[in-house]
Amino acid sequence: MPDPIDIIVGRNVRQLRARRRVSQLELGEALGLTFQQIQKYEKGTNRVSASKLHQIAVFLGVDISELFEGTGISQFTNRVELSPEAYELAVSFDRLSSIAGKQAVKTILNLMCGQATENAA
């Protein structure tokens, strides 16, 4: 028997997908899944991983909290909204295995932000 939360999340995915006139096939292709897997997610038969929930929200252009509406789970608070470019940069940063490399990226960004601040003043 599916968990009630999985059923609600699946229903929300289905409703948001339908509102945007996206087929199960289109959503599946965007996520690297079959439309049958999307059907299972939408029925709550299969649980959706956190990474897939994020991908679904990004693809549908909604805040991830919309996928949890009606579950009674408290809203996410104090989160930073990232542009697609910033998100891509954050993912790339997390993939760096070198501590020195991460520090170099942070130094470069801090210098560039300082420079941008000085130029704006």
Side-chain angles (χ1 to χ4, degrees):
M1 188 75 183
D3 186 281
I5 300 262
D6 295 326
I7 293 170
I8 293 169
V9 168
R11 183 189 65 220
N12 291 339
V13 168
R14 182 176 54 250
Q15 289 173 347
L16 292 165
R17 177 186 56 75
R19 273 191 225 146
R20 281 152 185 79
R21 296 191 170 109
V22 172
S23 71
Q24 290 176 331
L25 181 62
E26 290 170 314
L27 180 58
E29 286 176 351
L31 303 177
L33 302 170
T34 63
F35 79 91
Q36 293 96 336
Q37 183 61 46
I38 300 300
Q39 285 177 330
K40 290 176 183 180
Y41 285 165
E42 290 182 356
K43 289 179 184 176
T45 306
N46 286 8
R47 290 185 176 159
V48 187
S49 70
S51 61
K52 289 296 180 199
L53 284 170
H54 179 264
Q55 290 174 357
I56 290 168
V58 169
F59 181 78
L60 296 176
V62 299
D63 191 281
I64 197 166
S65 64
E66 289 187 52
L67 300 176
F68 292 91
E69 282 186 14
T71 62
I73 296 173
S74 63
Q75 294 294 318
F76 302 100
T77 57
N78 296 328
R79 64 186 181 278
V80 175
E81 297 294 329
L82 297 178
S83 68
E85 295 86 3
Y87 176 75
E88 186 179 336
L89 182 62
V91 169
S92 296
F93 182 85
D94 271 352
R95 288 185 184 145
L96 289 173
S97 58
S98 163
I99 295 171
K102 287 185 176 189
Q103 188 58 47
V105 170
K106 290 193 308 188
T107 300
I108 290 167
L109 287 173
N110 285 333
L111 287 170
M112 291 176 75
C113 289
Q115 215 171 30
T117 304
E118 290 172 12
N119 290 341

ask   = Which pairs with one or both residues in residues 13-27 pass salt bridge (Lys or Arg N to Asp or Glu O under 4.0 Å), sequence neighbours excluded?
value =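 Qualifying pairs: R17-E42.
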remark   = For residues 47-59, the salt bridge (Lys or Arg N to Asp or Glu O under 4.0 Å) pairs (sequence neighbours left out) are D6-R47
ask   = Who are the side-chain contact (heavy atoms from CB on, under 4.5 Å) partners of I8, not counting sequence neighbours?
value = R11, N12, T71
key: Pairing residues for Q36 by the side-chain contact (heavy atoms from CB on, under 4.5 Å) criterion, not counting sequence neighbours   = T34, Q39
request  = Could you tell me whether K43 atom NZ has more than 12 heavy atoms of other residues or ligands within 6.0 Å of it?
outcome  = no
Neighbour count above 12 (heavy atom, 6.0 Å) for Q15 CD =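 More than 12 within 6.0 Å, yes.
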Within this structure, what is the [atom1]-[atom2] distance for the pair [X] and [Y], rounded to the nearest 0.5 Å?
X: T107; Y: K102; atom1: OG1; atom2: NZ; answer: 14.0 Å
X: Y41; Y: L27; atom1: OH; atom2: CG; answer: 9.5 Å
X: L33; Y: L25; atom1: CG; atom2: CG; answer: 11.5 Å

key: Any residue meeting side chain to side chain donor-acceptor pair (under 3.5 Å) with S51, in chain and number order, not counting sequence neighbours   =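 With neighbours one apart ignored, the set is S49.
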task = For S97, enumerate each residue passing the side chain to side chain donor-acceptor pair (under 3.5 Å) test, keeping only those at least two apart in sequence or located in another chain.
result =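 Partners of S97 by the side chain to side chain donor-acceptor pair (under 3.5 Å) criterion come out as none, since no residue qualifies.
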remark   = Between A57 and D63 the two heavy atoms that sit nearest each other are CB-C, 4.4 Å
inquiry  = Give me the atom names and distance for the closest heavy-atom approach of P2 to G44.
reply    = CB-O, 3.1 Å
key: CA sep, side-chain torsions, deciding dist, call: E88, E85, side chain to side chain contact (heavy atoms under 4.5 Å, CB included)   = CA-CA 5 Å; E88 186 179 336; E85 295 86 3; 5.6 Å; no
query = Is the closest side-chain heavy-atom distance between L67 and V48 below 4.5 Å?
reply = no
remark   = The side chain to side chain contact (heavy atoms under 4.5 Å, CB included) partner of V9 among L53, I56, D3 is L53
ask   = Out of curiosity, does I38 fall in the hydrophobic cluster containing V62 (side-chain heavy atoms, cut-off under 4.5 Å, transitive links)?
value =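 Per the 4.5 Å side-chain linkage, V62 and I38 are co-clustered.
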ask   = Which hydrophobic side chains are connected to I99, either touching it within the sub-4.5 Å cutoff or through other members that do?
value =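 ILVMFWY cluster around I99 holds nothing else.
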inquiry  = Taking transitive links into account, so neighbours of neighbours count too, which hydrophobic residues share a cluster with L96 at under 4.5 Å side-chain distance?
reply    = L89, F93, V105, L109
